[in-house]
There are 2 protein chains.
Amino acid sequence: MTERRTEILEAALGLFSKKGYHDTSMQDLGEALGLQRGSLYTHIRSKEELLLAIVKRGAEEFLKALLPVEDMEAPAPERLREAMRRHIGVVARNLEAATVFFHEWRFLPETARQDVLKDRDRYEGVFRSILDDGIREGTLRPHDTRLSATLALSAGNWLYQWYDPKGRLTADEIADRFSNFILEGISRGREGAA
Amino acid sequence: MTERRTEILEAALGLFSKKGYHDTSMQDLGEALGLQRGSLYTHIRSKEELLLAIVKRGAEEFLKALLPVEDMEAPAPERLREAMRRHIGVVARNLEAATVFFHEWRFLPETARQDVLKDRDRYEGVFRSILDDGIREGTLRPHDTRLSATLALSAGNWLYQWYDPKGRLTADEIADRFSNFILEGISRGREGAA
DNA sequence: CCTACCGATCGGTAGG
DNA sequence: CCTACCGATCGGTAGG
């Protein structure tokens with residue numbers, strides 16, 4: 001990967017996240033880099049290839065951050081907290097990539113789309129296995145872990161729509177509070193107990 | 001609103017949600033209706049106007065469904081459950097509109113964008129006031145209601161990415177389970193109690 | 001609702 | 001001969 005190619009990918013990431021993939025022209029991208037549109041093709045094959053590279057890198061970031069939690073030796077609640085921190089950390093540190101990832105993955109060519117879906121399933125699987133472990137070890141009450149995993153992921157994913165790096169809470173604080181809500185609930189009284 | 005205009009809006013909704021706003025051409029839209037591209041402009045002013053109409057209608061649907069819960073006389077946990085049912089119901093019954101709404105509202109002209117943001121704040125406010133009421137009346141434990149409202153809304157919003165009308169759970173069932181998780185938590189033991 | 005067309009711009013490629 | 005880039009233009013399509 002040449003330096004120029006890296007620059008192009010970074011610029012494309014910024015434009016795709018701000019304007020959307022389809023409304024970003026190669027003209028826009030060239031202007032952002034001080035190049036003529038045609039000159040971009042020395043370094044890339046097509047506009048679609050750029051999207052593909054960005055989305056793939058996004059999927060890798062997510063998995064790379066989460067997978068270590070799978071092997072963590074700790075009670076499930078603690079592992080869930082750690083998974084939430086990592087997941088939300090990736091979104092918060094890569095808001096532009098998250099936006100492109102969540103909005104544009106559907107438009108990838110079929111094989112790449114399938115790859116993304118597989119990664120997504122793998123990712124959800126890590127969350128679900130943590131929660132299933134918790135039920136087995138007795139730290140979590142029996143419940144529909146498909147849906148609690150979805151709740152945890154929804155909270156983290158949706159962050160891309162509202163998180164402000166200069167906001168009142170850090171990404172870790174947000175992750176911890178979400179974890180608290182999901183683990184302990186917000187009700188007063190005995191309902192939270194088994 | 002003429003019948004033709006309604007047909008155009010419905011077709012646009014379908015195309016915008018499937019291909020995205022910017023990748024949908026007026027040619028696509030004409031073909032979907034068996035019209036020439038130029039003929040559409042007898043009924044609409046611009047492509048952007050179509051987006052505006054779709055997003056505005058989406059915002060109205062959401063508010064219309066939720067506002068009655070504001071005046072409901074019931075304990076906060078019950079009102080939260082009802083709010084979740086309604087919110088998730090709107091998303092589940094309008095998946096295409098939700099997709100367009102969440103992806104494309106950022107691209108509206110500034111005044112319309114501001115209107116959407118105001119509606120969104122109003123909407124979040126309803127959730128937050130329910131939760132604040134709960135703390136005041138003692139049914140919910142004191143906590144950061146800005147963030148618990150965000151958790152509830154995140155779960156409902158993200159539904160547009162994965163909900164399958166033919167899936168194993170109905171929208172109401174999903175809403176109830178999410179409500180359970182948020183209210184009671186998933187931990188076993190005493191953590192859920194005050 | 002159509003045909004015909006506008007100024008401009010699309011993604012991608014040519015030769016040098 | 002290379003990498004990096006140019007001005008110009010390809011065939012088609014954009015919104016109007």
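Residue numbers start from 1 in every chain, and the chains themselves are labelled A, B, ... in the order their sequence lines are given, proteins ahead of strands.
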> Passes side-chain contact (heavy atoms from CB on, under 4.5 Å), A/R177 versus A/L169? Steps please.
CA-CA 10 Å; A/R177 296 188 192 198; A/L169 297 176; 3.6 Å; yes
> Within this structure, what is the CG-to-C1' distance between A/D23 and C/dG11, rounded to whole angstrom?
14 Å
> Using atom CD of A/E3 as one end and atom P of D/dT3 as the other, report the distance to the nearest whole Å.
16 Å
> Got a sec: does the CZ of A/R168 have more than 12 other heavy atoms crowding it under 6.0 Å?
yes
> What's the CD-C1' distance between B/E7 and C/dC1, to the nearest Å?
13 Å
> Any side-chain N or O of B/S39 less than 4.0 Å from the OP1 or OP2 oxygen of C/dC2?
yes
> When you check the phosphate oxygens OP1 and OP2 of D/dA8, does a side-chain N or O of A/R37 lie under 4.0 Å from one of them?
no
> Report yes if a side-chain nitrogen or oxygen of A/Y41 is closer than 4.0 Å to either non-bridging phosphate oxygen (OP1 or OP2) of C/dT13; otherwise report no.
no
> Are B/S129 and B/D132 linked by a side-chain donor-acceptor pair shorter than 3.5 Å?
no
> Quick one: sort the B/H103 and A/H103 rings into parallel, tilted or perpendicular, breaks at 30° and 60°.
parallel
> Using Watson-Crick and G-U wobble pairs with both distances under 3.5 Å, what is the 5'-to-3' dot-bracket string of DNA chain D, with [ ] for crossing pairs and | for pairs outside the strand?
.....|...|....||
> NE2 of A/H22 versus P of C/dT9: gap in Å, rounded?
20 Å
> Has B/H43 got a side-chain N or O lying under 4.0 Å from the OP1 or OP2 atom of C/dC1?
yes
> Go nucleotide by nucleotide along DNA chain D from the 5' end; which of B/D28 and A/L35 gets its closest nucleotide reached first?
A/L35
> Are A/Y21 and A/F107 close enough that their ring centres sit under 6.0 Å apart?
no
> Can you tell me, in whole Å, how much space there is between the P of D/dA8 and that of C/dG12?
22 Å
> Tell me what A/Q36 touches on the nucleic acid: a base, only sugar-phosphate, or nothing, going by heavy atoms under 4.0 Å.
sugar-phosphate
> What's the gap between D/dC5 and C/dG15 when it is taken at their C1' atoms, as a whole Å value?
13 Å
> Using a distance-only test with no angle check, is there a side-chain donor-acceptor pair under 3.5 angstrom linking A/D176 and A/S179?
no
> Return the value, rounded to whole Å, for the distance between atom CG of A/L29 and atom C1' of C/dT9.
16 Å
> Does A/S25 have a side-chain nitrogen or oxygen under 4.0 Å from the phosphate oxygens OP1 or OP2 of C/dT9?
no
> How do A/G34 and B/T24 order along DNA chain D: which one's closest nucleotide is nearer the 5' end?
A/G34
> Of B/T42 and A/E48, whose closest DNA chain C nucleotide lies nearer the 5' terminus?
B/T42
> How many Å lie between CE on B/M26 and C1' on C/dA4, as a whole number?
18 Å
> What is the separation between atom CG on B/L40 and atom C1' on C/dC2, rounded to the nearest whole Å?
12 Å
> Would you call the rings of B/F127 and B/Y123 parallel, tilted or perpendicular, taking 30° and 60° as the class edges?
tilted
> Rounded to whole Å, how long is the line connecting atom CD1 of B/I8 with atom P of D/dG15?
14 Å
> Are B/Y163 and B/F181 linked, directly or through other ILVMFWY residues, by side chains that come within less than 4.5 angstrom of each other?
yes
